[in-house]
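Notes follow the structure.
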Amino acid sequence: MTLNYQHKKPADTVVVLDFETTGLSPTQGDRAIEIGAVMLKDGKVIDRFQQLMNPGFRISGFIENYTGISNLMLSDAPSCETVMADFADFIGDYNLVAHNASFDQRFLDAELRQINRHYSGSFACSMLIARRLYQDAPNHKLGSLISYKNIQHDGVFHRALADSEMTADLWLAMLEDLQQDFQLVNPDFSLLQSIAKQSKANVFQFLRKQN
DNA sequence: TGCCAGGCCCTCTTTAGGGCCTT
């Protein structure tokens, strides 16, 4: 069997991450308030990262309610700069996964720019991939996909570590489905990135060509 | 609860509009 996609990293280790933030747009002044991440290697969680961070201003009541993160909780949290420096060390140059990755990438880029740190891994978006693989799902919100795939969870949503754990489980479920449904021996980050670039109409034909 | 932004993606499209996702 020959797979016509390229392995980018010697070990298929990825970091699945999720930000909680003060709003939707760093260009409008929004900042990160929590980062959560799990590191996957060979289909297993080998490390975790979770930290609240103080954005330097009060967050809105909407965000307090949405995330369960209060201004009191953030009052004694370390600064975004301190936390993001640690997180930059955590992710290193590994490839990255997030649900609706364009959102998390904007905040990661904005926060790391503040401390002049960089990363060289590339992003894959679990939402774009799920839209192609699970076209019958009622919608492609993270919580809906967790239910659709019957993935066990602890009922916590909109907290960074809980959401990154669920995104990691969704990622592993997609890898497993590719192995079972398309007899792919070693589906990896690069293949899933390629899936996100296919049209919904052509993605299954693309997958059948992979072996 | 919704607004704010931005990218993707579909369609009654491409000289555009609007829903889906993320907080």
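Throughout, a chain's letter reflects where its sequence line sits, starting with A, and its residues are numbered from 1. Bear in mind the structure is a predicted one, so any value in this text is a computation, not a measurement.
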Using whole Å, report how far [atom1] of [X] lies from [atom2] of [N].
{"X": "A:Leu108", "N": "B:dT22", "atom1": "CG", "atom2": "P", "value": "18 Å"}
{"X": "A:Leu161", "N": "B:dT23", "atom1": "CG", "atom2": "P", "value": "14 Å"}
{"X": "A:Ile129", "N": "B:dC8", "atom1": "CD1", "atom2": "P", "value": "14 Å"}
{"X": "A:Phe123", "N": "B:dT22", "atom1": "CZ", "atom2": "P", "value": "15 Å"}
{"X": "A:Tyr66", "N": "B:dT1", "atom1": "OH", "atom2": "P", "value": "10 Å"}
{"X": "A:Leu24", "N": "B:dA5", "atom1": "CG", "atom2": "P", "value": "9 Å"}
{"X": "A:Met127", "N": "B:dG7", "atom1": "CE", "atom2": "P", "value": "13 Å"}
{"X": "A:His99", "N": "B:dG7", "atom1": "NE2", "atom2": "P", "value": "18 Å"}

How far does the [atom1] atom of [N] sit from the matching atom of [M], given to the nearest Å?
{"N": "B:dT14", "M": "B:dC8", "atom1": "C1'", "result": "16 Å"}
{"N": "B:dC12", "M": "B:dA5", "atom1": "P", "result": "28 Å"}
{"N": "B:dC4", "M": "B:dC20", "atom1": "P", "result": "15 Å"}
{"N": "B:dT22", "M": "B:dC3", "atom1": "P", "result": "15 Å"}
{"N": "B:dT1", "M": "B:dG17", "atom1": "P", "result": "30 Å"}
{"N": "B:dG18", "M": "B:dT13", "atom1": "P", "result": "13 Å"}

Check your understanding: Taking for each residue the nucleotide of DNA chain B bearing the nearest heavy atom, is the 5' side occupied by A:Leu128 or by A:Asp163?
Key ->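 Nearer the 5' end of the strand: A:Leu128.
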Review point. Do A:Asp18 and A:Thr167 touch side chain to side chain, with heavy atoms closer than 4.5 Å?
Key: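 A side-chain contact is absent here, since even the closest heavy-atom pair is not under 4.5 Å.
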NA contact type, [X], heavy-atom cut-off 4.0 Å: base, sugar-phosphate, or nothing?
{"X": "A:Ile33", "answer": "nothing"}
{"X": "A:Thr67", "answer": "sugar-phosphate"}
{"X": "A:Asn65", "answer": "nothing"}
{"X": "A:Asp18", "answer": "sugar-phosphate"}
{"X": "A:Phe19", "answer": "sugar-phosphate"}

Practice item. Can you label the angle between the A:Phe182 ring and the A:Phe204 ring as parallel, tilted or perpendicular, going by 30° and 60°? Key: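 A:Phe182 and A:Phe204: parallel rings.
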Exercise for review: May I ask you to decide if the ring planes of A:Phe123 and A:Tyr119 are parallel, tilted or perpendicular, using 30° and 60° as cut-offs?
Suggested key: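 Because their plane-to-plane angle is over 60°, the rings of A:Phe123 and A:Tyr119 count as perpendicular.
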Using a cut-off of strictly less than 4.0 Å, decide whether [X] has a side-chain nitrogen or oxygen near OP1 or OP2 of [N].
{"X": "A:His158", "N": "B:dT23", "answer": "yes"}
{"X": "A:His140", "N": "B:dC21", "answer": "yes"}
{"X": "A:Ser102", "N": "B:dC8", "answer": "no"}

Exercise for review: Run the salt-bridge test on A:Glu81 and A:Arg31 with the 4.0 Å N-O cut-off and return the result as yes or no.
Suggested key: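 Salt bridge flag = yes for A:Arg31 with A:Glu81.
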Point to revise | SB check A:Lys41 A:Asp47 (cutoff 4.0 Å) | key: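 No, this pair does not count.
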If you check every side-chain atom of [X], which of [options] has the closest atom?
{"X": "A:Lys141", "options": "B:dG7, B:dT23, B:dT22", "result": "B:dT22"}
{"X": "A:Lys200", "options": "B:dA5, B:dC10, B:dT22", "result": "B:dC10"}
{"X": "A:Phe103", "options": "B:dC21, B:dT22, B:dC3", "result": "B:dT22"}

**Study point:** Donor-acceptor under 3.5 Å (A:Asn54 side chain, A:Asp76 main chain)
**Key:** no
